[in-house]
Novice: 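The structure under discussion is supplied below as structure tokens; questions concerning it will follow.
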Number of protein chains: 2
Amino acid sequence: MKTLQSTRRLADEDAPPAQEGRVLRLSAGRRTRSAAGADAEAIYRRILGAIIEHRLAPGRKLVEERLASVFGASRAMIRQVLTRLSHEMVVTLVPNRGAFVAEPTVDEAREVFEARRLIEPALARKLAQTVAPAQLSRLRQLVAAEERARAARDRQTVIKLSGEFHLEIAEMAGNAILARQMRELTLLTCLIIFLYDSPGGRACPDDEHHQLLDAFTCRDGERAAGLMLHHLDHVEQSLDISLTAQDDDDLERIFS
Amino acid sequence: MKTLQSTRRLADEDAPPAQEGRVLRLSAGRRTRSAAGADAEAIYRRILGAIIEHRLAPGRKLVEERLASVFGASRAMIRQVLTRLSHEMVVTLVPNRGAFVAEPTVDEAREVFEARRLIEPALARKLAQTVAPAQLSRLRQLVAAEERARAARDRQTVIKLSGEFHLEIAEMAGNAILARQMRELTLLTCLIIFLYDSPGGRACPDDEHHQLLDAFTCRDGERAAGLMLHHLDHVEQSLDISLTAQDDDDLERIFS
DNA sequence: ATAAACTTTATTGTCGACAATTTGTTGACT
DNA sequence: AGTCAACAAATTGTCGACAATAAAGTTTAT
């Protein structure tokens with residue numbers, strides 16, 4: 001029963017390869033060995049995409065053999081992808097137990113936001129000083145798409161696009177290493193929002209991205225930095241990271 | 001001929017397992033699958049140690065089979081370790097060509113320092129406000145060891161210990177995610193120093209670590225942050241990142 | 001003598017099979 | 001009935017063998 005359902009869900013997630021709009025892409029830095037297998041990269045993107053879009057929920061077990069048959073790949077290749085995802089902290093690998101979609105703890109969530117508050121305002125400031133017209137239009141495009149998704153009440157797409165907006169800023173700022181780190185933080189943030197978003201407060205406040213865009217357009221670095229900081233605080237406060245009793249999983253933590 | 005020599009060097013690097021003083025350790029975060037193999041972790045540390053201590057120079061090719069025989073492990077296990085190292089950007093994996101000790105470019109070097117200037121002063125400030133006596137003595141210990149190495153003109157150990165000092169600060173600051181990112185940056189910095197250190201200026205100016213330690217002892221967060229920023233600038237300026245024509249490898253870059 | 005095409009060698013990439021581990025289940029014993 | 005132990009199923013971990021690729025060396029033709 002449960003097994004069957006699980007199988008179907010993975011299969012379903014296999015189904016829609018139509019919307020192939022790169023998955024919170026990042027040129028994958030210097031492409032790792034994974035890229036060699038020609039389609040390891042594709043599998044990576046599919047799985048990551050499913051996680052980002054919340055079709056694979058945090059905590060979900062990822063069984064190697066089943067993934068292998070879904071993607072028509074060998075287990076070894078799935079393994080490559082899973083280890084890569086685990087290095088990016090999107091998947092947790094438990095020895096002899098398997099791979100699971102990561103479930104950031106409240107502490108980790110706080111740390112992620114602390115890191116972002118440190119890095120992103122500086123990136124925003126930097127970008128504002130050097131931004132080119134083409135970059136501005138790209139950002140506008142993302143914000144517009146996000147707004148459409150918001151209008152359509154497609155929360156998952158909103159979260160994904162919001163992440164892409166932040167990541168795009170990081171990449172445009174011209175520091176590949178910081179961009180790479182921001183990618184990790186952004187991916188984690190997607191998981192965190194799904195885990196801790198309170199029903200009441202919506203994730204990324206409506207127009208703060210618009211304001212950021214304005215600041216970029218005016219090339220006002222200080223304002224961009226300030227807005228970014230405020231924005232991050234705002235997002236974090238909209239989450240239930242206060243002291244919420246967490247998932248059942250955290251029994252170990254509770255009795256310690 | 002060349003083959004033989006290469007073999008010997010790797011063998012030699014195998015030789016001294018005596019000084020087993022953990023290699024710029026970081027509790028490896030949540031231990032990845034690598035840890036399962038019981039000794040994959042050990043192999044990882046040995047190779048990373050050799051790179052950090054410059055016994056494996058940047059650009060050096062790492063042949064899987066040879067490593068496997070050196071460590072008495074299977075090629076698959078070596079492969080795990082190499083992919084992990086590549087995710088940490090210490091090793092570059094070229095499809096169908098193999099693994100090489102990373103050679104950060106001047107641009108990457110600048111980016112690394114930019115990132116560190118962003119993150120480390122904040123971590124220093126934070127640590128100064130919360131530092132415990134035990135932590136202070138640990139830091140003192142590291143600085144003392146570094147000074148001993150400097151007195152012994154053991155430049156490689158100086159660089160390694162200096163990296164450990166910075167990493168320890170990051171870990172003590174109480175943000176595991178930032179600590180993880182700092183670990184990457186610190187490892188890269190080790191490679192960068194070996195690549196671009198000018199013969200004249202020595203790497204980590206003598207007493208700046210001492211001054212930092214003072215600031216921590218006084219719990220003076222602002223001073224610690226300021227010193228850290230200054231220190232990083234100082235280290236970067238002591239390098240030949242000006243416009244030095246790089247290695248012969250970078251012919252592609254020169255004609256572009 | 002040089003350059004192109006071919007052969008050889010060394011190394012990486014991929015896969016399937018087997019061993020080890022964990023998890024769930026059955027059955028015997030108190 | 002309940003508890004524990006042995007057993008069975010499912011899943012992960014490891015390895016060796018083979019295929020694919022790139023580099024080096026050799027031959028051949030101009």
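Throughout, protein chains are lettered first and strands after them, A, B, ... in sequence-line order, and every chain is numbered starting at 1. Any value given below was found using the heavy atoms of this structure, including those in side chains, with hydrogens, waters and symmetry copies removed. No experiment lies behind these values; they were computed from the predicted model shown.
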Novice: Under the 3.5 angstrom rule, does the side chain of B:Glu111 hit a backbone N or O of A:Ile177 as a donor-acceptor pair?
Specialist: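 Side chain of B:Glu111 to backbone of A:Ile177: a pair is present.
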
Novice: Name all residues meeting the side chain to side chain donor-acceptor pair (under 3.5 Å) criterion together with B:Glu120; count only those two or more places apart in sequence or in a different chain, and write none if there are none.
Specialist: B:Arg116, B:His166

Novice: Which nucleotide in the set D:dT12, D:dC15, C:dC15 lies at the smallest distance from any side-chain heavy atom of A:Ala76?
Specialist: C:dC15

Novice: Between the protein and nucleotides 17-24 of chain C, are there any N/O to N/O pairs under 3.5 Å, and if so, what are the atom names and distances?
Specialist:
residue: C:dT23; atom: OP1; partner: A:Arg97; partner atom: NE; Å: 3.0

Novice: For A:Gln141, which residues count as a side-chain contact (heavy atoms from CB on, under 4.5 Å) partner, sequence neighbours excluded?
Specialist: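 Only A:Arg138 meet the side-chain contact (heavy atoms from CB on, under 4.5 Å) criterion with A:Gln141.
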
Novice: For C:dG13, does OP1 or OP2 lie under 4.0 Å from any side-chain N or O of A:Gln80?
Specialist: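 Checking C:dG13 against A:Gln80, no side-chain N or O comes under 4.0 Å of OP1 or OP2.
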
Novice: Rounded to whole Å, please give me the gap between CD in A:Glu64 and P in D:dG13.
Specialist: 6 Å

Novice: Considering just the side-chain nitrogens and oxygens of B:Arg66, establish if one lies under 4.0 Å of OP1 or OP2 belonging to C:dT11.
Specialist: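 Affirmative; the distance criterion is met.
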
Novice: Which residues pass the side chain to side chain donor-acceptor pair (under 3.5 Å) test with B:Glu114, not counting sequence neighbours?
Specialist: A:Lys126, A:Asn175

Novice: Would you mind reading off the distance between B:Asp39 atom CG and D:dT14 atom C1', rounded to a whole angstrom?
Specialist: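 Between C1' of D:dT14 and CG of B:Asp39: 11 Å.
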
Novice: Quick one: which of D:dT11, C:dT12, D:dT14 gets closest to the side chain of B:Met77?
Specialist: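 Within the option list, the nearest is D:dT14.
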
Novice: Without decimals, in angstroms, what is the distance between B:Leu93 CG and C:dT11 C1'?
Specialist: 13 Å

Novice: For A:Ser74, give me all partners under side-chain contact (heavy atoms from CB on, under 4.5 Å), at least two apart in sequence or on another chain.
Specialist: A:Ala76, A:Met77

Novice: Which of these nucleotides, D:dT11, C:dT11, C:dG13, is closest to any side-chain atom of A:Val63?
Specialist: D:dT11

Novice: Tell me every residue that passes side chain to side chain donor-acceptor pair (under 3.5 Å) with B:Arg117, counting only those two or more places apart in sequence or in another chain.
Specialist: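 Applying side chain to side chain donor-acceptor pair (under 3.5 Å) to B:Arg117 gives B:Asp233, B:Glu236.
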
Novice: Using the ring of A:Tyr44 (Phe, Tyr or Trp, six-membered ring only), decide whether A:Arg84 places NZ or CZ under 6.0 Å from its centre and within 45 degrees of its axis.
Specialist: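 Yes, A:Arg84 sits over the ring of A:Tyr44.
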
Novice: Return the nearest nucleotide to the side chain of A:Lys61; candidates are D:dT11, D:dG13, C:dG13.
Specialist: D:dT11

Novice: Nearest-Å distance, CZ (B:Arg79) to P (D:dG13)?
Specialist: 18 Å

Novice: Rounded to the nearest Å, what distance is computed from the CD1 atom of residue B:Ile78 to the C1' atom of nucleotide C:dT14?
Specialist: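 My rounded result for the distance is 18 Å.
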
Novice: How close or far is atom C1' of D:dT12 from atom CZ of A:Phe100, stated in whole angstroms?
Specialist: 11 Å

